[in-house]
Amino acid sequence: MAKYIDLTQDNFDATIAEGVTMVDFWAPWCGPCRMIAPVVEELAEDFDGKAKICKVNTDEQQEISVKYGIRSIPAILFFKDGELVDQVVGAASKDAFADKINAQLA
Amino acid sequence: MLDCAIIGGGPAGLTAGLYATRGGLQNVTIFDDGVLGGQITKSSEIENYPGFFDNTKTGLDFMESWQKQCFAFGLKHEYKRVKRIEKKEEHFNVFFENGERVEAMTVIVATGSTPRRAGFNGEDEFYGKGVSTCATCDGFFYKDKPVTVLGGGDTALEEAFYLSNICSDVYVVHRRDEFRAAPPTLNRAIKKENIHLITNSVIEEAYGGMMGLDGVKIKNTQTDEITDMKNTGLFVFVGLNVNNEVLKDEEGKFICETNEQGQVVVDLNMNTSLKGLFVAGDLRINAPKQVVSAAGDGAITALQVISYLQEMQ
């Protein structure tokens with residue numbers, strides 16, 4: 001079963017550098033983040049081999065959060081070949097996330 | 001065909017699902033696009049739901065135990081966003097955003113409400129970049145920093161108290177000179193040293209740059225005096241708008257009777273003006289917007305659905 005990738009300061013830049021990547025900025029104390037966690041897990045399976053589905057724990061990875069100006073979570077950022085191309089703030093539907101990934105894959 | 005389609009998975013929808021399935025209906029599905037549990041999952045505390053009195057638990061902790069119970073009797077859930085509903089002879093068509101459709105004998109709409117925007121300059125621009133409607137989500141980004149809270153009701157003062165344990169100072173801006181919040185909630189806020197209540201005032205502007213909000217300008221409505229606060233966090237709790245979009249037809253007209261605020265007119269059994277369509281929770285007229293009353297509505301709708309289906313047979 002495909003699983004999402006946990007990103008840290010060490011692997012962030014290398015992971016987003018190529019292809020389409022979705023990054024979910026979350027924290028354990030954030031209710032809506034925990035609510036969308038199953039959606040992120042399903043997306044990791046659905047897009048296995050097509051797009052990278054990742055998570056950043058904003059408590060542990062504060063430098064990445066500061067770099068991208070994250071002040072509200074969940075914040076879901078979409079990257080293509082290393083560039084930030086789209087983002088969603090707040091919980092949304094699985095379809096909404098999938099549409100944004102597909103738009104970058106097209 | 002579904003016995004009942006429930007739209008929305010907050011306290012009203014979940015309770016409707018529990019009562020409908022436990023009451024013997026075999027084919028009941030909740031359609032919600034991901035965030036089961038509703039608005040209360042964003043809340044830092046829940047003190048007024050009888051039987052649950054634990055101030056170490058958040059709204060999310062509270063709703064997690066609901067899921068297990070409500071799904072124990074065969075209720076199903078699909079991650080789908082509903083676009084609209086139409087009545088076709090004796091049954092309903094439920095259309096989804098992704099183009100799919102499902103048929104149901106009855107529909108319970110429990111789509112609730114969402115936090116209202118206050119309408120000051122910069123609110124939309126900095127939403128998610130310093131302007132927030134969720135203290136439990138975003139409070140920690142302002143650890144040991146000052147923040148502003150806008151609003152004077154229960155939610156505003158509860159969340160101000162939550163923030164006061166994380167942030168250095170909490171400035172509560174309220175347009176009136178008296179607060180609507182319940183006395184215990186207000187007194188607790190008054191006693192907290194780092195909560196500062198600023199009455200007769202509004203947010204004139206939220207300003208900032210590429211990295212988000214840098215500060216807020218607060219205007220005293222009596223003197224027109226402007227105070228500049230370099231607070232990078234602004235939490236807005238100024239009431240709720242009902243989510244009634246799914247009740248509009250293709251031409252944008254409501255399929256059942258609503259009032260001027262877009263709330264759905266129901267009787268004491270949660271019947272709408274369209275037979276077989278029921279509404280529960282924040283979306284209905286005169287809703288107290290409380291978890292306990294939403295749950296009560298959910299139970300009523302499910303019992304009504306069961307007797308409606310029996311009469312049809």
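Heavy-atom basis, side chains included; hydrogens, waters and symmetry copies ignored. Each chain gets a letter, A, B and so on, in the order its sequence line appears, and its residues count up from 1.
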Residue among B:Asn98, B:Leu213, B:Val131, B:Thr133 with most heavy-atom pairs under 4.5 Å to chain A
B:Leu213
Cut-off 4.5 Å, heavy atoms of chain A, and the answer for B:Ser43 is neither
Smallest separation among heavy atoms of A:Pro32 and B:Thr41, with atom names
CD-O, 4.4 Å
If you look at every heavy atom in B:Asp61 and A:Arg34, which pair is closest and at what distance?
OD1-NH2, 3.9 Å
Over all atoms of both residues, closest heavy-atom pair of B:Met211 and A:Val66
CE-O, 3.2 Å
Do you know the tightest heavy-atom contact between A:Ile73 and B:Asp138?
N-OD1, 2.9 Å
Taking all non-hydrogen atoms of both residues, which atom of A:Trp29 and which atom of B:Cys137 are closest, and how far apart?
CZ3-O, 2.6 Å
When you measure from the side chain of B:Arg81 to the backbone of A:Lys94, do you find a donor-acceptor pair of N or O atoms at a distance under 3.5 Å?
no
A:Glu42, part contacting chain B, at a heavy-atom distance under 4.5 Å
side chain
Residues, nucleotides or ligands: over 12 heavy atoms within 6.0 Å of B:Lys248 NZ:
yes
Exceeds 12 heavy-atom contacts within 6.0 angstrom, atom CD of A:Glu18:
no
How close do A:Pro38 and B:Tyr79 get, heavy atom to heavy atom, and via which atoms?
CB-OH, 3.8 Å
Between A:Asp95 and B:Phe96, does the side chain to side chain contact (heavy atoms under 4.5 Å, CB included) criterion hold? Intermediate values first, please.
CA-CA 11 Å; A:Asp95 286 348; B:Phe96 300 103; over 6 Å; no
Per-residue contact mode, B:Gln39 against chain A (heavy atom under 4.5 angstrom):
neither
Region of B:Glu64 that comes under 4.5 Å of a non-hydrogen atom in chain A
side chain
Counting heavy-atom pairs under 4.5 Å with chain A, which one of B:Gly128, B:Gly59, B:Cys134 comes out on top?
B:Gly128
Distance in Å, B:Phe140 CZ paired with A:Gln62 CD, rounded so as to fall on 0.5 Å steps:
11.0 Å
Less than 4.5 Å apart, any side-chain heavy atom of A:Arg71 and any of B:Thr232?
yes
Atom CD of B:Glu97 and atom OG of A:Ser93: how far apart are they, to the nearest 0.5 Å?
8.0 Å
